[in-house]
Peer 1: 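Take a look at this one; I'll ask things after.
Sequence lines set the chain letters: A, B, ... in the order given, protein chains first and strands last, and positions in each chain run from 1. Computed over heavy atoms, backbone and side chain alike; hydrogens, waters and symmetry mates excluded.
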Amino acid sequence: MCGSCDYLRLWSGISSNTFLTQPMTQLNVRLYQLLKHVRLLTQTKQIHAQIVFRSLGGSNNLIGELIRSYRTHGKLKSVRKVFSEYPSLPPTFLWNLVIQAYSKTSFTEESLYLFKEMLLYGGRHSLAVPDDYTFTFTITACSRQRTLLAFGQNCHTMVIKHGYDSDVCVGNALVSMYVVYSRTVSAQKVFDEMPQRDTITWTSLVKGYAMNGNMPQAEKLFIKMPDRNEVSWAVMIAGYVGHEMYNDALRCFNDMLAEGNLEPNEAIFVSVLSACAHLGQISQGKWIHFYIDKNGVPKSSNIATSLIDMYAKCGKIDCAKQVFDETDRRDLLTWTSLISGLSMHGLGREALQMFDEMLAKGIKPDNVTLVSILNACSHSGQVEEGIAIFYNMERLWGISPKIEHFGCLIDLLSRANRLEDAFKAVKTMDMDPDVIIWRALLSACRVHGNAGLAERIIHHVIKAGDGGGEGHLLLSNLYASLGQWENVRRIRESKIEKEDISTPGCSYIEIDSVVHEFLAADKLHPRIAEINLKLNEVMKRISLD
DNA sequence: CTAGGGTTAG
């Protein structure tokens with residue numbers, strides 16, 4: 001039955017006067033049971049009131065359960081208050097609960113502060129000595145921030161001194177912490193010295209190698225590990241996706257299905273759909289969509305978002321829209337993926353319409369939504385509207401423009417041939433513009449044939465030392481586009497040392513079950529002549545309006 | 001009476 005029915009049944013025994021005839025321990029147990037069953041914050045508060053009213057604040061189990069209940073509601077202030085009102089020195093168990101409560105929040109320093117306080121008391125009272133749980137939570141707290149490695153290493157030392165290094169959970173927390181700080185060697189060392197390991201230990205280390213770009217080593221461990229569960233497969237597949245090894249991600253996913261003993265979980269679907277999107281593998285994507293529907297996988301916001309993104313990137317915007325329409329719990333991510341899909345398909349007006357609908361539903365955009373909507377404005381010629389959104393985003397939604405938003409603004413201003421304004425906007429940015437910004441500005445100069453401004457911009461770039469040292473390359477490209485080959489040669493000889501050997505841009509699309517691969521400046525496709533013919537036709541039609 | 005490992009979008 002539902003929690004609230006249990007709640008009513010249990011509560012009725014306490015609210016009446018019957019409690020007076022029962023011994024205190026009975027009441028203790030009853031409130032404890034009650035706390036375990038309640039779901040609502042108000043119920044927790046009522047029980048808390050009873051505990052205070054009946055002076056039961058010294059009961060460990062009861063206070064522990066109360067802390068746990070407040071924590072599940074995210075009420076950290078209440079957690080802290082209950083803890084601080086404990087009538088004597090709290091036992092280790094209660095310290096652990098409070099340290100744990102902060103360990104996965106954005107205030108993990110609070111866990112460390114409590115841990116230090118605990119050590120202070122622990123020196124004088126054997127009641128509050130850290131144990132294996134304390135170390136597990138504290139080390140976990142160190143892995144949630146970027147700057148707590150030193151503290152974590154201190155904990156590691158204490159762990160060894162107290163002899164907790166043989167504990168699997170403590171060891172796992174350590175491996176995972178070193179992985180977060182990209183200390184693969186340390187992670188491997190802890191792993192090697194652990195007397196026993198489980199699936200979590202192996203998975204953490206696999207993640208460590210995958211995160212640091214060593215996929216061969218990750219693969220080797222993955223094959224070697226005695227047991228694999230859903231999370232292990234998720235780590236492996238996400239590792240491939242993170243390194244743009246999309247075909248390997250799909251192969252890995254199919255291996256998992258072939259083994260047949262595990263069901264893919266949400267994280268796996270999200271990663272695999274992302275791989276399909278990058279490869280333009282609509283058939284595999286559709287198959288996964290079908291699989292999700294057939295197996296009754298809950299259409300969470302994450303799943304819906306990934307499906308929408310996959311269909312949009314595979315060129316099936318109608319399917320993307322359909323998934324969106326069939327999703328009943330739409331959140332910011334779902335809306336954003338549809339808006340960005342519409343924008344990518346050049347359906348700027350429709351994107352703006354959806355944006356308005358989203359705002360009307362009381363959903364606040366984030367920086368990704370705003371990039372999409374600014375792009376949509378620029379692709380549908382709604383220049384003034386886009387500029388207005390840019391200059392009001394801070395006031396309306398509290399999002400200060402980041403470099404990617406400036407990129408959109410440059411695009412908007414350029415389309416309106418307001419190049420001087422664009423240059424001015426870049427100069428007033430409170431961050432260093434990157435090469436992408438400069439390139440966007442320069443290509444706008446080229447489109448509008450404004451060579452004078454382009455030259456001024458480039459000299460500004462060189463003087464300011466911006467563009468990651470690429471200023472001279474930009475200048476040489478500009479001279480090349482102007483046909484001033486003498487200048488190109490001069491710059492290339494004096495300022496540019498080696499040729500750019502970056503890998504060429506690459507894209508995929510699946511048509512009639514065949515995946516086509518294209519490289520930038522590709523001449524190798526078997527039907528390149530037809531493709532170029534079509535491309536010319538498209539370009540002609542674009543330039544008509 | 002409390003642990004430790006997982007994903008995405010421009």
Side-chain angles (χ1 to χ4, degrees), chain A residues 32 36 59-65 67-68 71 91-101 103-104 131-140 143 164 167-177 179-180 187 194 197-208 210-211 225 228-239 241-242 249 264-275 277-278 300-310 312-313 331-341 343-344 366-376 402-405 407-408 436:
Chain A
Y32 176 79
K36 267 192 175 305
S59 161
N60 290 350
N61 294 345
L62 202 49
I63 294 303
E65 210 44 47
I67 288 175
R68 208 190 48 76
R71 190 202 58 200
T92 302
F93 165 59
L94 290 183
W95 286 95
N96 289 350
L97 281 177
V98 185
I99 291 174
Q100 183 200 20
S103 68
K104 290 188 176 177
D131 62 6
D132 42 350
Y133 286 86
T134 322
F135 283 113
T136 304
F137 299 142
T138 311
I139 293 164
T140 301
S143 356
Y164 288 122
D167 184 276
V168 185
C169 290
V170 174
N172 288 347
L174 282 168
V175 171
S176 164
M177 179 194 75
V179 163
V180 165
M194 281 168 72
R197 310 170 189 102
D198 62 9
T199 309
I200 296 181
T201 328
W202 284 88
T203 304
S204 303
L205 195 61
V206 169
K207 160 100 176 161
M211 248 179 65
M225 65 192 284
R228 287 173 283 269
N229 61 19
E230 298 86 350
V231 179
S232 325
W233 287 95
V235 165
M236 206 56 210
I237 294 171
V241 172
N265 60 15
E266 185 178 305
I268 293 173
F269 283 127
V270 168
S271 289
V272 173
L273 284 169
S274 163
H278 283 279
S300 68
S301 124
N302 275 343
I303 296 274
T305 303
S306 304
L307 283 171
I308 293 168
D309 185 60
M310 182 275 295
K313 289 208 175 115
D331 64 2
L332 177 63
L333 271 73
T334 338
W335 284 95
T336 303
S337 59
L338 183 70
I339 290 171
S340 89
S343 164
M344 281 185 320
D366 73 352
N367 50 341
V368 179
T369 323
L370 287 169
V371 169
S372 299
I373 209 65
L374 289 172
N375 274 328
K402 293 187 185 49
I403 198 149
E404 54 268 40
H405 302 110
C408 299
I436 297 167

Peer 1: At 4.0 Å (heavy atoms only), tell me whether A/Val241 reaches a base, stays on the sugar-phosphate, or touches nothing.
Peer 2: nothing
Peer 1: Quick one: A/Asp167 CG to B/dT2 P, roughly how many Å, whole number?
Peer 2: 15 Å
Peer 1: Rounding to a whole Å, what distance do you find between A/Trp233:CH2 and B/dG6:C1'?
Peer 2: 15 Å
Peer 1: Choose from B/dG10, B/dG5, B/dT8 the nucleotide whose nearest atom is closest to any side-chain atom of A/Ser232.
Peer 2: B/dG5
Peer 1: Less than 4.5 Å apart, side chain to side chain, heavy atoms only: is that true for A/Met194 and A/Leu174?
Peer 2: no
Peer 1: Rounded to whole Å, how long is the line connecting atom NZ of A/Lys402 with atom P of B/dG10?
Peer 2: 16 Å
Peer 1: Please give me every residue in residues 93-101 of chain A whose heavy atoms get under 4.0 Å of an atom in DNA chain B, ordered by residue number.
Peer 2: A/Phe93, A/Asn96, A/Leu97, A/Gln100
Peer 1: When all nucleic acid strands are considered with a 4.0 Å heavy-atom cut-off, which category describes A/Tyr32: base, sugar-phosphate, or nothing?
Peer 2: sugar-phosphate
Peer 1: Under the side-chain hydrogen bond (donor to acceptor under 3.5 Å, both in side chains) rule, collect the residues that match up with A/Asn375, sequence neighbours excluded.
Peer 2: none
Peer 1: Can you see whether A/Asp366 engages A/Thr369 through a side-chain donor-acceptor pair at a distance of less than 3.5 angstrom?
Peer 2: yes
Peer 1: Whole Å only: how far is the OH atom of A/Tyr133 from the C1' atom of B/dA3?
Peer 2: 6 Å
Peer 1: Do any side-chain nitrogens or oxygens of A/Lys313 fall under 4.0 Å of OP1 or OP2 in B/dG10?
Peer 2: yes
Peer 1: For A/Arg71 and B/dA3, what is the distance between atoms CZ and C1' respectively, to the nearest whole Å?
Peer 2: 10 Å
Peer 1: Which residues satisfy the ring-ring contact (aromatic ring centres under 6.0 Å, His included) test with A/Tyr164, sequence neighbours excluded?
Peer 2: A/Phe135
Peer 1: How is A/Thr336 classified with respect to the nucleic acid when contacts are heavy atoms under 4.0 Å: base, sugar-phosphate, or nothing?
Peer 2: nothing
Peer 1: Taking side-chain hydrogen bond (donor to acceptor under 3.5 Å, both in side chains) as the definition, give me every residue that meets it alongside A/Glu266, ordered by chain and number, with sequence neighbours left out.
Peer 2: A/Ser300, A/Asn302
Peer 1: Is there a donor on the side chain of A/Asn229 or the base of B/dG5 sitting less than 3.5 Å from an acceptor on the other?
Peer 2: yes
Peer 1: For A/Arg197, which residues count as a salt bridge (Lys or Arg N to Asp or Glu O under 4.0 Å) partner, sequence neighbours excluded?
Peer 2: none
Peer 1: Roughly how many Å is it from CG in A/Asn265 to P in B/dG6, rounded to a whole number?
Peer 2: 12 Å
Peer 1: At under 4.0 Å between heavy atoms, what does A/Ser337 touch on the DNA or RNA strands: base, sugar-phosphate, or nothing?
Peer 2: nothing
Peer 1: By the 4.0 Å heavy-atom rule, please label A/Ser306 as base, sugar-phosphate, or nothing.
Peer 2: nothing
Peer 1: Atom CH2 of A/Trp202 and atom P of B/dG5: how far apart are they, to the nearest Å?
Peer 2: 19 Å
Peer 1: For A/Lys104, report the nucleic acid contact type (base, sugar-phosphate, nothing); a contact means any heavy atom under 4.0 Å.
Peer 2: sugar-phosphate
Peer 1: Restricting to side-chain contact (heavy atoms from CB on, under 4.5 Å), what partner residues turn up for A/Ala210, sequence neighbours left out?
Peer 2: A/Met215, A/Ala218
Peer 1: Would you mind reading off the distance between A/Ile308 atom CD1 and B/dT8 atom C1', rounded to a whole angstrom?
Peer 2: 12 Å
